[in-house]
Amino acid sequence: MTAGHTTHADPIEMQNRLFSELSLMFGREVPLYDKSLAVNDACNRAVCDLLAEMHEGFSISDEQIVKTSGERHGAIRIGRPDEYRWIGRFFACFGMHPHNFYDMTSVGAKSQPVIATAFRSMVHPEHRVFSSLLQTSYFDPETQARVDTLLQTRQVFSDDAMRLIEKAEAEGGLSWDDADALIAEGTERIFKWTGEAHDHDLYTHLCDAGFKIAADIACFRAHHLNHLTPNTFCMDLYTSAMKLKLGELDRETFVGRARRALGHVRATGDRDFLRLCFKHLTREEVEAFDPASPAEGTIDRLVDELLARLDAPELDLAPMPHNGFKDHTEGPDTATPLLLRQDAYKALTEAVRFTDSGLDTEHTARFGEIEQRFYATTPKGRTLYDGCLAKVEAAKAENPGLVKEDFEAYAAMQARCFEAFPKTLRGLLDQGLVFGRYEPTDRGLASAGSIGTTDLGELIDLGLIAYEGLRYEDFLPVSAAGIFASNLSQYGTRSTAAEKPEYTQAMLEDILGRPIVDSNEVCLGLQADSLLDTYERLGLTDALDPATRDRLAAEAEGCPAEARQRFGERSVLAARA
Ligand code: OOG
Ligand code: NI
């Protein structure tokens, strides 16, 4: 880095500021969002209090809880390719780059006329935005022409915003004054909800044709955020709390579910879980905690304390305008720590004025998602996951009423469908179902040169190698499709073009003017890199069979250099903290 760059704002700090401003903006626009954050904080406090009793030396301040759960993902839907390219350039200013290609036009019955990528940092994957681009070629020529014509009339990026982005590109960064101005362009214009729409005829035509998503994009003037998702440390606790506060669960049922949710944390909240939840803690710090047993009655006490917090008058959500909470959580069952679990309060009914005709009406699109992130699956793990999920879907189709009639039975059915998966990180790694990262331990380094095996499992059992799981930092097409379907209250829609066009990653890369990162390649590369480094430091490189060594080298090669900073920088940050 040259001296001149030191005056530039750090892109990751800019990103943190952007998302905290977006969160404030969304809280002003959607009061229920702010309340749900408070409910989540109360639940996360209970989880942390329990973890503190299970790990001697672990404690976490309210401030750190807010910071740790300050991670957000958003979703935007864009109309025109040139707008999409500007979005890519905008996020690049914040160190966020396109990851993975999502073709939502070919996810079976839930298909939608959009293709997408997610912008996030490769090095600090914390905030992310799922960004969809409408494909008007999915429609019959008449609809396509009407949508294209209307979209042509808008300018989402102001001249100032475009100038700031060009400046950042030309100079390799922005001053904080310019950075703040660009963030304000985001919160005051690009991602803002205005409640104003155009062309009610087209809006109705699109909604009636089953293309409500196209109406949500084309008839509005900006890329309004349709949700901003915080993360939670315990999905089941949060969803129970929200359902209690929205008046969908009685207190007794809530207490039962909350005790069970915390009981699950009690059973599974080991050091691996701490590493998954708390990025600010290093492996060494987590390993220094001594396991402890919570006192008798701890969970009951924590549930009572949580209830007392939830009873605060400002958390009386039932009288607020809302459309209820979803009845089941997307993703794996509670016990399987894979990918993501997501849930949401349903899209709110919001007032919209069609400014060209003066017509006042309503629109539903913005909703209140929450998520909990777990380990990233290998392709083998993903295939198994897809199979398990298909079993859940089949069971749901057979008995659609179950989740409402008997929640316990539903949860048990889901757990049965995911039986094939081990429930611990070690078990998942041993079977090659999730990605991990490895490091020699001090004991390993002391024995370097005199170790008699290269078997990873054995080396771990001998305490010579330490491991951690790689957290999943992306999205899932099937979940995303479910979100489109539920928040637009329209299940997928078929193409009305004479023949449905094929949409490819290369097309979206062309539109962006840059390549899309493949997260699997990055995870595979990080894993291989760490293994090669570990074998080397343990003096085992020559003992490794050549085929394995070549495979690891090839996998490591596929990992972009930037991604390797991810763990290097974490240790640096941890040392500084
Ligand atoms: C995109 C939904 C994708 C998720 O969590 O999978 C998403 C949208 O509704 O525009 O945010
Ligand atoms: Ni989402």
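Just so you know, ligand 1 is whichever comes first in the structure, and atom 1 is the first atom listed for that ligand. Computed from a predicted model, the values in this text were never measured in an experiment. All values below come from the heavy atoms of this structure, side chains included, with hydrogens, waters and symmetry mates left out.
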(message) I need the minimum non-hydrogen distance between Gln372 and Met235, along with the two atoms involved.
(response) OE1-N, 2.9 Å
(message) I want to know if ligand 1 touches Ser479 in the polar sense, i.e. an N/O pair below 3.5 angstrom.
(response) no
(request) Mind listing the closest non-hydrogen atom pair of Ile190 and Ala222 along with its distance? (result) O-CB, 3.6 Å
(message) If I apply the N/O under 3.5 Å rule, does His227 come out as touching ligand 1?
(response) yes
(request) Using a cut-off of strictly less than 2.8 Å, determine whether Glu369 has an N/O/S atom near the Ni ion (ligand 2). (result) yes
(message) Is the ring pair Phe233/Phe278 parallel, tilted or perpendicular, if the boundaries are 30 and 60 degrees?
(response) perpendicular
(message) Between Phe94 and His127, is the ring centroid distance below 6.0 Å?
(response) no
(message) Under the ring-ring contact (aromatic ring centres under 6.0 Å, His included) test against Tyr33, which residue among Phe26, Trp193, Tyr345, Phe367 passes?
(response) Phe26
(request) Please state whether Glu371 comes within less than 4.0 angstrom of ligand 1, counting heavy atoms only. (result) no
(message) As an exercise, identify every atom of ligand 1 less than 4.0 angstrom from a heavy atom of Asn226.
(response) 8 (C), 9 (O), 10 (O)
(request) Show which atoms of ligand 1 fall inside a sub-4.0 Å distance from at least one heavy-atom site of Ala480. (result) 3 (C), 6 (O)
(message) I need the contact type for Ala75 against ligand 1. Using non-hydrogen atoms and a strict under-4.0 Å cut-off, is it side chain, backbone, both or neither?
(response) side chain
(request) Kindly give the atom name of the N, O or S atom of His73 closest to the Ni ion (ligand 2). (result) NE2
(message) Quick check on salt bridge (charged side-chain N to carboxylate O under 4.0 Å, His left out): which of Arg382, Arg128, Arg120 does Asp474 satisfy it with?
(response) Arg120
